[in-house]
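Below is one structure; the comments refer to it alone.
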Number of protein chains: 2
Amino acid sequence: MTNIRDLAREANVSVTTVSRVLNDHPYVANEKRQAVREAIEKLGYIRNQTAVHLSTGMTKTVGVMLPFVDHPYHAAILQGIAQAAFDASYRFLTWQTNYVETHEQLALDALAQQEIDALIVVSHSLPLSAILSYEQYGPIVFCEHHEDVAAVYIDHYTAFQQGLAHLRQQGHTSIGICLGRPDSTNSLARKHAYQEVVRDEFVYEQTLTIEDGATVARRWMQQKQRPTAILTASDHVAAGLILELRKQGYQVPGDLSVIGFDGSELAEVLAMTTIAIPYATIGRHAFQLTVREDLVARPQIEVPSTFIAGTTVLPHT
Amino acid sequence: MTNIRDLAREANVSVTTVSRVLNDHPYVANEKRQAVREAIEKLGYIRNQTAVHLSTGMTKTVGVMLPFVDHPYHAAILQGIAQAAFDASYRFLTWQTNYVETHEQLALDALAQQEIDALIVVSHSLPLSAILSYEQYGPIVFCEHHEDVAAVYIDHYTAFQQGLAHLRQQGHTSIGICLGRPDSTNSLARKHAYQEVVRDEFVYEQTLTIEDGATVARRWMQQKQRPTAILTASDHVAAGLILELRKQGYQVPGDLSVIGFDGSELAEVLAMTTIAIPYATIGRHAFQLTVREDLVARPQIEVPSTFIAGTTVLPHT
């Protein structure tokens, strides 16, 4: 590729002169400016953006560290980031990490090397302190709650309380919950809300997909003691649970009341009772935080969840 | 940030010596090598990846130009790219273009500036020739069919023929279709397959979302002459159509047979008859093409679609 030295040779001027012409510096003789412009045209020179970065100190690129591009929750946050980045004429560089720490490290390295202006961490495996040690290189914004970090998040404790309160108002006392990764920050908050209101525990862990929901249905059918209602942590799990039970001849909500979580299209088409999370809003706020001037104060934005009454909960009789 | 000149000053050696140490060049005196290493440790130098690129000529980054991150079709292709990139230890830089040409241009500029090793074009507005003029800078792979480009694609003509043949086998002669953007390459191929087998045309254009499907339902209800079956170009549109008709007291498939398109989770939970497209496979193949040695020969990979019999088509009586 043509570089600034090729231009200097072609135009028979110094590299400094080429640089001045490229940067619209006033002190360049007109004939030299003209010679450089002709060289640019002749050689088809395209300005190297990295050089632009060195002068402005900005890449206009935001990095996104996220475990899975195809996880509906993460994909929806990414969409919000993408939209806000598009509106601000930023690009985004994505690291799908699969929760592998060496892959998470690549995103941190990119911040240290100033390949990106800021990093949005959708979810992570690395210790928080390891990530925060890179704050010296640029803004880091999290999409989950931690003490004393810049973050946009859902209060999963309160969101789960909403769902549990609804089930109890409907007379359910034997209530189960489905969780994802058992030790994640979100799961711990959800379990906390659950353990405050129930005595017998029905916790179905490691549930993420429609297939996992079907597995929960089969476990429920085999249980002697079983809950009359299940609050899930994902519409996908709820959909799998509902469809498998109906396939096996059970009534939802007649035999089991089910509440989803996410407020996704699956909940919409199944007319599911669910807790809607504005994921795209989280992504949009996260992008906007990265460019906020008071970011050093590590601002936090809590995004509210919304209970949506559907057709998959009946009063317990 | 510490740079190579800071290291040279700290170690009291030349910049060239620092560069040789960083690149494991053999001809460096041991004490100088040691001094540079101590400077690296003392100053907390992190190697600038751009410099690495200049020597290897590789960024290990693939660019993705796609209209919408949240479009289910595009998101699924992106997921396939992400997985293949992850497996190959590549990152991906995404431009969500919203079909705006100036945004598409940014992705092409990045290829010209060697910020990315290759570019995957999921869909585009710019003329094909404008995009191909950037092939001199690196591989460009398309996820839709064009003559004489490197591409991974679905034959939408054949896919639509599959759906239409099924409806005709079931006795339907009055058949409608839903299309997306009316002039897109895919829509033209679909319309072509349609016009070969029908006389009266029922074409519903600009349909992309669940809401658009509900609009088609309302239009269908108001039509005096109306089709007995509709083949859509998206499970989302089919879902909206089915749910709105059922809400208004019509039977699907009793009053109208409906076929989706995509093979998405929506089709799964609604037990929809659909044509499944392996979008993630398209993305994976597209990434793999970018690193193929015979890419200059512009290879093309056609990915087959699969008819999935569900519960939303009945024979016409």
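Chain letters run A, B, ... following the sequence lines, proteins first, then strands; residues in each count from 1. Basis for what follows: all heavy atoms, side chains included, without hydrogens, waters or symmetry-related copies.
- Heavy atoms of Thr102(A) lying under 4.5 Å from chain B are absent altogether.
- Options Val69(B), Leu93(B), Leu266(B), Thr97(B) differ in how many heavy-atom pairs under 4.5 Å they form with chain A, and the most are formed by Leu93(B).
- Residue Arg91(A) forms a side-chain hydrogen bond (donor to acceptor under 3.5 Å, both in side chains) with just one option from Gln96(B), Glu115(B), His103(B), and that option is Glu115(B).
- Taking CZ of Phe92(A) as the start and CZ of Phe92(B) as the end, the distance is 7.5 Å to the nearest 0.5 Å.
- Interface remark: Val100(A) contributes side-chain atoms only to the contact with chain B (heavy atom separation under 4.5 Å).
- Across Ile210(A) and Glu268(B), no two heavy atoms sit closer than the pair CG2-OE2, 3.7 Å.
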